[in-house]
Amino acid sequence: MRTLTHVVAGQPCTINFPERHADLIAFETFLARGDKVIAVDTETTGLDVYTPRHRLRLVQFGTSTEAWVLRADLFAPAIMRALRQPRSLLVHNAAYDLLVLNRHLGVTIEEIGPRTFDTRILAHLLDPRTESEGGIGLGLKPLSAVYVDPEAPDTQNGLTAVFRGLGLTKATGWAGIPIDHETYVRYAGLDVIYAHRLFGEIGPMVRDIGLDHLSKFEHHLQTLLAILQRRGMRLDVPYVQRLKGELITEAEQFAAVAARYGVANVNSTAQVAEALLAMGEQLHEHTPSGAPKVDKNVLLPLADLTLQWERIESRTPNPLADAVVRSKRAQKWAESYAQAFLDLKDADDRLHPFIGGLQARTARMSVSRPPLQQLPSGDWTIRRAFIADPGQAIIAADYQAVEMRVLAALSGDETMIKAIADGVDLHSFTAERVFGPDFTKQHRKIAKAVGFGKVYGGGAATITRQTGADLESVKSALAAYDATFPGIKRYSRRLMNRAEYGRKEVVTPSGRHLPLDRDRLYAATNYVVQSTSRDLLAQAIVDLFDAGLGEHLLLPVHDELIAQAPRDEAAEVIREIGRVMESNFYGVRIASDPEVYGPSWGHGYGASA
DNA sequence: TTTCGCAGCCAC
DNA sequence: AAACGTGGCTGCGAAA
């Protein structure tokens, strides 16, 4: 047994590192003490839990003064027994550890999820802001520094310094550092001690502000999302390999065209800008640092293309601009999607994207490694890579204009609530009220942009840029919109006034406190709408599991759920899922649109083979 | 050599 | 008076 000592917040703590089986007797004694709550953490070789190369190295247990760091290669049975004892577990960012323990030790999410407390969830409820947003942050280190001990070492960054001394990098260090390296063991042990103390500090705070109920909900949701992640989605590997090859060829062909105009690297914005200027093009827009902007909003018009890639016929296309946008798109799709899919798949050709259930400031969920919430939707080719399990079909149900409906409900605007109840197209309705009965397609487009502008907090200038309409008609459309839906303007003003003179935050119907930046109080409306829309989807996921439909779910995508079901039941299952998703929110119907896609996700976007 | 901020692009 | 919100990820090019 190796024993390390460390002072945490002025108190001496011990970190025990058993080296042989005889050392476990003391560990059993520690467990037999019967602490109600024990902190747990894992150290692994990397973040990609389901790739064949992923390994579990250490599992740590601890209280506020004592940690046990156990090697998974030597002591797996003891670790499993400890995890299965009937007591509460305390984990910082349990979304990750639940999956690790399930995959490597077979201790399932269902076994330990329901009795796990996650300090990251508690911290997010207290303040969801990251460090860069002016908050404490959601990592164990910044939270410990604030709530436990200002001297808390940064165990993650501290180790990267150690990695360098060993000739390792950030990428190779977690797998390569010797498993008994003193700093590695020490920091592994400190993490559970800090997590335990952090829980002791912020657990009561969450209770005091009346968020116990929301906390319970978020813990339950996280467990369900972990089950979705464990399930994963099936990848059509031959299709992805073929697609990747085609995309790379396309990227190379257009890169060769760009090279003829002096651009050796299409991803170098500096090279592209210089070459375009040399060709006599004007570049009026600039980036925050002052460089000429050459993004696709600039390049597509130079190539005589709309933002939807249709020919405008208003000028001679600039061949360089055309080649650059085409090469970059093909390369982005090849790398960010096709290649990422192949890198992250498990041994059974399934992808298990990480679902962050409580991610954004607004609690919106995120999906990463790979980013399945942001696959191209204007074209089916990338989504076609995901296929249903044998005998099943991909199905999906999305909320219809959920953010507009939430805004209508929260603001209580009678005109909009009635329009929704009557089932009319909201943007056409707005266009008619703003521009009269003879409104055009362009008028509807402006009305739609104004509606989104209200949700996002966008102003006349932004809407002008988006729609190409002139500033004056956009301004009058905004004024007419306010006159048509006075409740929405009133509601936004109320949120801002409260923040102006009271706490710089907005509180959602679920009781979530969302901090506002003092120079961006106008974001209040967006925050409460976005957050509430997320809460509705989260509630739907919980309800679907309660209704026995959880086994069908595959992925949440902000306002929709992707699922699968046996082919001959698919239509019925998705209708049922859609029904469970629907609700009445302050008198406004939150409606869903169920759809059977077919053999792949891409079949919902026009794929046929 | 590795890390990191910027620019850009994908989604809702 | 006006104010475009939330994420993930890749490549470049300079800093460390």
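Computed from heavy atoms alone, side chains included, the values below leave out hydrogens, waters and symmetry copies. Chain A is the first sequence line, chain B the second, and so forth, proteins listed ahead of strands; every chain is numbered from 1.
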Please list, pair by pair, any protein nitrogen or oxygen found under 3.5 Å from a nitrogen or oxygen in nucleotides 12-16 of chain C.
residue: C/dC12; atom: OP1; partner: A/Asn265; partner atom: OD1; Å: 3.1
residue: C/dC12; atom: OP1; partner: A/Asn265; partner atom: ND2; Å: 2.2
residue: C/dG13; atom: OP1; partner: A/Ser268; partner atom: OG; Å: 2.6

What N/O pairs connect the protein and nucleotides 10-12 of chain B at under 3.5 Å? Give each pair on its own line.
residue: B/dC10; atom: OP2; partner: A/Lys296; partner atom: NZ; Å: 2.3
residue: B/dC10; atom: O4'; partner: A/Tyr337; partner atom: OH; Å: 3.4
residue: B/dA11; atom: OP1; partner: A/Ser377; partner atom: N; Å: 2.7
residue: B/dA11; atom: OP1; partner: A/Ser377; partner atom: OG; Å: 3.4
residue: B/dC12; atom: O3'; partner: A/Asp559; partner atom: OD1; Å: 2.9
residue: B/dC12; atom: O3'; partner: A/Asp559; partner atom: OD2; Å: 3.4
residue: B/dC12; atom: O2; partner: A/Arg364; partner atom: NH1; Å: 2.8
residue: B/dC12; atom: O2; partner: A/Arg364; partner atom: NH2; Å: 2.9

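At the heavy-atom level, A/Ala340 lies nowhere under 4.0 Å from the strands shown. Across all strands, A/Gly457 comes closer than 4.0 Å only to sugar-phosphate atoms, never to a base (heavy-atom distances). Within 4.0 Å (heavy atoms only), A/Glu133 reaches sugar-phosphate atoms of the nucleic acid but no base atom. If you check every strand for non-hydrogen atoms under 4.0 Å, A/Val367 touches sugar and phosphate atoms only. Within 4.0 Å (heavy atoms only), A/Val455 reaches no atom of the nucleic acid at all. As judged by a 4.0 angstrom heavy-atom cut-off over every strand, A/Tyr527 is placed among residues touching the sugar-phosphate backbone only.
Rounded to whole Å, atom C1' of B/dC9 lies 13 Å from atom CG of A/Leu307. Remark: P of B/dC9 and CZ of A/Arg326 are 14 Å apart, rounded to the nearest angstrom. Rounded to whole angstrom, the span from the NZ atom of A/Lys454 across to the C1' atom of C/dA3 amounts to 11 Å. We find that CG of A/Leu372 is positioned 13 Å from C1' of C/dC9, with the value rounded to whole Å. Distance, A/Ile463 CD1 to C/dA2 C1': 12 Å, rounded to whole Å. A/Asn297 places its CG atom 14 Å from the C1' atom of C/dC4, with the value rounded to the nearest Å. Distance A/Asp295 CG to C/dT10 C1': 16 Å, rounded to the nearest Å. Straight-line distance from the CG atom of A/Asp343 to the C1' atom of C/dT10: 13 Å, rounded to whole Å.
At a threshold of 4.0 Å, the pair A/Glu218-A/Arg534 counts as salt-bridged, since one of the basic side-chain nitrogens sits closer than that to a carboxylate oxygen. The existence of a salt bridge linking A/Asp425 and A/Arg444 is confirmed by a sub-4.0 Å separation between a basic side-chain nitrogen and an acidic carboxylate oxygen.
Few gaps surround CD on A/Glu582; more than 12 heavy atoms of other groups in view lie less than 6.0 Å from it.
There is a side-chain donor-acceptor pair under 3.5 Å between A/Ser473 and A/Asp470. Side-chain N/O atoms of A/Gln539 and A/Asp535 include no donor and acceptor closer than 3.5 Å. Using modelled atom types, one finds a donor on one side chain and an acceptor on the other under 3.5 Å when comparing A/Glu505 with A/His513. Using modelled atom types and a 3.5 Å distance limit, the side chains of A/Ser366 and A/Ser368 yield no donor-acceptor pair.
Between A/Ser366 and C/dG8, a side-chain N or O to OP1/OP2 separation shorter than 4.0 Å is present. Here A/Arg129 does not reach the OP1 or OP2 of C/dT6: none of its side-chain N or O atoms lies under 4.0 Å away. A sub-4.0 Å separation between OP1 or OP2 of C/dG5 and a side-chain N or O of A/Arg520 is present.
Listed candidates were C/dA3, B/dT3, C/dG11. Nearest to the side chain of A/Lys170 is B/dT3. Taking every side-chain heavy atom of A/Glu335 into account, C/dT10 is the closest of C/dG7, C/dT10, B/dG8. Checked against B/dG8, C/dG5, C/dT10, the side chain of A/Ser336 finds its nearest nucleotide in C/dT10.
Taking the six-membered ring where the residue is Trp, the centroids of A/Phe354 and A/Tyr96 are separated by 6.0 Å or more.
A distance of 5.5 Å separates CG in A/Asn318 from CG in A/Leu320, rounded to the nearest 0.5 Å. Here the CG atom belonging to A/Leu228 is positioned 5.5 Å from the CZ atom belonging to A/Arg231, to the nearest 0.5 angstrom.
Annotation: B/dC12 and C/dC4 have their P atoms spaced 22 Å apart (nearest Å).
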